[in-house]
Amino acid sequence: MLPSQMQSLRHVTTAHLAQTMTLLSLAVDELRQQIDSELSTNPALEMLEERRCPVCQRPLPAKGPCPVCSCPNEVDSNDPIVYISPREDFYSKGDMFEDDDFKDGPSTPDNEDLPTYVLKQIVGEFDKNSQKIGAFLLVNLNEDGFLKIELIEAARYFNVPLSQVERVHQAIMHADPPGVGARNPKEALLVQIEMLEETGIVPPFVKLVVEEGMDLLSRHQYSTLAKQLDASLKQIKLAATFIQDNLNPYPARAHWGEQSHHPSDRSNVFHQPDVIISVVNNGKENRLFVEVILPLCGTLQINPMFRQAIRGAEEDSRYDMKMDLEKASLFVKCLQQRNHTMLRLMQQVVTTQKEFILHGDKHLKPITRAHISKELEVHESTISRAVANKAVQLPNGRIIPLASFFDRSLNIRTVLKTIIENEPRPLSDTELSGLLVKEGFEVARRTVAKYRAMERILPAHLRTSVVRK
DNA sequence: CTATGGCACGGATT
DNA sequence: AATCCGTGCCATAG
């Protein structure tokens, strides 16, 4: 073997490592870009257009949904299903991933197609029929994101019971952006409040204000409002600022983030999850269904024609072609490795965090990347890369960074929140610390303060005592 | 005097 | 090696 060839080989193997690492740390949209560019520059690569059902492994029809495949394919065990999914747009409407680069700023739901965006989030939960209903509803949104038809109309149109339409409608409103598809600002706000209640503390009276006093609220007549609701002016003002800061009566006008948001907390809003977790309620047991999104609908492979062409090629062009071939197979391998790692990672994470995924923040187990890396027998940095910049969508529609699965204090914080919610008088940090220790969480008084800050909970003397009627 | 927020240090995590 | 996080000490506000 010639030294130059040796060198190129070695070069290739180190490149292999490097590329695997970079691929691993890419999020879906970045990965898609990468694949596209590789595909267009390297003639040795080709894509085999093919979609297989992830569960039953049968090829899918070119079009049409198969989120949870319709062939009942029972593999019963309690283990979560984890698989690599081909591309997430079950409803492909043309190719929305054209060359329209990121030049015109980050993609917001505004320049995406809102109906499609929302639809993608809910298809997993429903059968074909309900999906159609969802699509129908979403098409009939106005520019503010409100539903401009009555639910009954939809029910008549599809000839299904109203309750079914209502279920779909609920799912839509709970998708991102929260409250989309509501029939009026009030409904949107209520949905948002409901969703916030799951994760954070909503000050007293907020709900009541929205329910009873929308018009007064919009006219800033706080004192009247206070009288009417039998609350203090302070409480009403608190509620009002909360509404202004955290809620959005017009869900589709997505100028939601980036305002007075404190530096801590509040994950950036990810619009494209790398992993989607849903529950399959297969009769008896809730089984988790995890898909790692792959921005491809087919298999990447070496073009066999290209191999042949090499043999008949001229001597001088041969070298270049060989390099291309090397690069192509390298890329494919790296991609496989990435998928493999992601798969194992998710398998592990989902298994240990099942409770959290199903039942909320309180059940998050404080796990570290180091721990996972030991389980999987890979280097810590591998896990770090795999976790970084990724987003996962939970069954309830929330999209959170994958890193939150490794939050060391989220569980304590939520316990703290519930304590504060339930104790009738404002407790000082010291008292809270004591209570937490009783629950089995050893935290110093100072730390309680930090957690409070993270959750944007006001200090005791500014907290209004809980409503008592 | 008590309750909190700020700063900074040390150990864990990445 | 760089960063994050819990915690202690101290100053300040109520």
Side-chain angles (χ1 to χ4, degrees), chain A residues 17-18 20-27 30 200-201 203 232-235 237-238 241 260-268 274-275 337-338 341-342 344-346 348-349 352-353 356 361-362 364-392 400-417 419-421 423-466:
Chain A
L17 286 177
T20 316
M21 295 201 305
T22 32
L23 282 189
L24 190 59
S25 57
L26 293 183
E30 297 161 325
I201 289 188
S232 76
L233 188 61
K234 203 173 174 185
Q235 288 171 319
K237 278 192 177 160
L238 195 71
T241 39
S260 62
H261 273 178
H262 302 229
S264 58
D265 197 63
R266 260 310 145 192
S267 48
N268 315 323
D274 296 82
V275 176
Q337 194 149 79
R338 173 191 195 268
T341 314
M342 285 301 289
R344 295 205 312 152
L345 170 66
M346 286 318 293
Q348 192 72 26
V349 168
T352 61
Q353 302 288 23
F356 160 69
D361 294 353
K362 203 196 314 189
L364 183 83
K365 301 212 182 74
I367 213 136
T368 70
R369 299 164 223 267
H371 184 250
I372 295 274
S373 77
K374 243 188 280 166
E375 299 272 322
L376 260 54
E377 296 174 321
V378 295
H379 198 277
E380 304 169 7
S381 66
T382 312
I383 303 294
S384 282
R385 289 171 194 287
V387 166
N389 304 321
K390 304 279 186 336
V392 312
I400 60 172
L402 181 52
S404 2
F405 282 83
F406 298 86
D407 192 314
R408 266 172 293 167
S409 57
L410 185 63
N411 51 353
I412 308 189
R413 292 207 303 271
T414 40
V415 172
L416 176 66
K417 271 192 289 189
I419 290 183
I420 294 180
E421 271 170 5
E423 291 305 342
R425 85 176 83 260
L427 295 169
S428 77
D429 286 351
T430 322
E431 293 169 300
L432 288 171
S433 167
L435 284 173
L436 280 175
V437 171
K438 253 200 237 165
E439 301 260 343
F441 300 105
E442 290 267 345
V443 283
R445 170 247 116 204
R446 189 64 188 80
T447 312
V448 173
K450 292 278 191 198
Y451 287 166
R452 256 194 18 250
M454 285 189 195
E455 302 295 339
R456 321 238 184 91
I457 299 173
L458 295 168
H461 58 278
L462 290 180
R463 259 179 269 146
T464 32
S465 7
V466 164

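As the structure is a prediction and not an experimental result, all values here were calculated from the model. The sequence lines fix the lettering, A, B, ..., with proteins before strands; numbering per chain opens at 1.
- The interatomic distance linking A:R408 (CZ) with B:dT13 (P) rounds to 6 Å, in whole Å.
- Summarising the geometry, the separation between CZ on A:R456 and C1' on B:dG5 is reported as 17 Å, rounded to the nearest angstrom.
- Look at NE2 on A:H371: it is 11 Å from P on B:dT13, rounded to the nearest Å.
- Side-chain N or O atoms of A:T414 include one that pairs as donor or acceptor with a backbone N or O of A:L410 at under 3.5 Å.
- Side-chain N or O atoms of A:K390 include one that pairs as donor or acceptor with a backbone N or O of A:A386 at under 3.5 Å.
- Contact annotation for A:S409: backbone-only contact, meaning every heavy-atom pair under 4.0 Å involves sugar-phosphate atoms and none involves a base.
- Side chain of A:N411 to main chain of A:L364: a donor-acceptor pair is present (N/O by atom type, distance under 3.5 Å, no hydrogens or angles).
- Nucleic acid contact for A:R445: base, since at least one base atom lies under 4.0 Å from a heavy atom of the residue.
- Under a 3.5 Å cut-off, the side chain of A:T447 and the backbone N or O of A:V443 do not form any donor-acceptor pair.
- The outermost nucleotides of DNA chain C lying under 4.0 Å from heavy atoms of chain A, listed 5' to 3', are C:dC5 to C:dC9.
- For A:E380, the listed nucleotide lying nearest its side chain is B:dT14; candidates were B:dA8, B:dG5, B:dT14.
- With hydrogens and angles ignored, the 3.5 Å screen pairs no side-chain donor or acceptor of A:R369 with any backbone N or O of A:R385.
- At the heavy-atom level, A:R369 lies under 4.0 Å from the strands shown only through sugar-phosphate atoms.
- Rounded to a whole Å, the CG atom of A:D407 is 13 Å from the C1' atom of B:dT13.
- Sequence order on DNA chain B of the closest nucleotides to A:R446 and A:E431 puts A:E431 first from the 5' end.
- Here the P atom of nucleotide B:dT4 and the CD1 atom of A:I457 are 12 Å apart, to the nearest Å.
- A:K365 contributes a side-chain N or O that, together with a main-chain N or O of A:T352, makes up a donor-acceptor pair within less than 3.5 Å.
- Of the possible polar contacts, one joining the A:T368 side chain to the A:H371 backbone as a donor-acceptor pair under 3.5 Å is found.
- If you take CZ of A:F406 and P of B:dT14, they are 8 Å apart, rounded to a whole angstrom.
- Using a 4.0 Å heavy-atom criterion, one finds that A:R385 contacts no nucleic acid atom at all.
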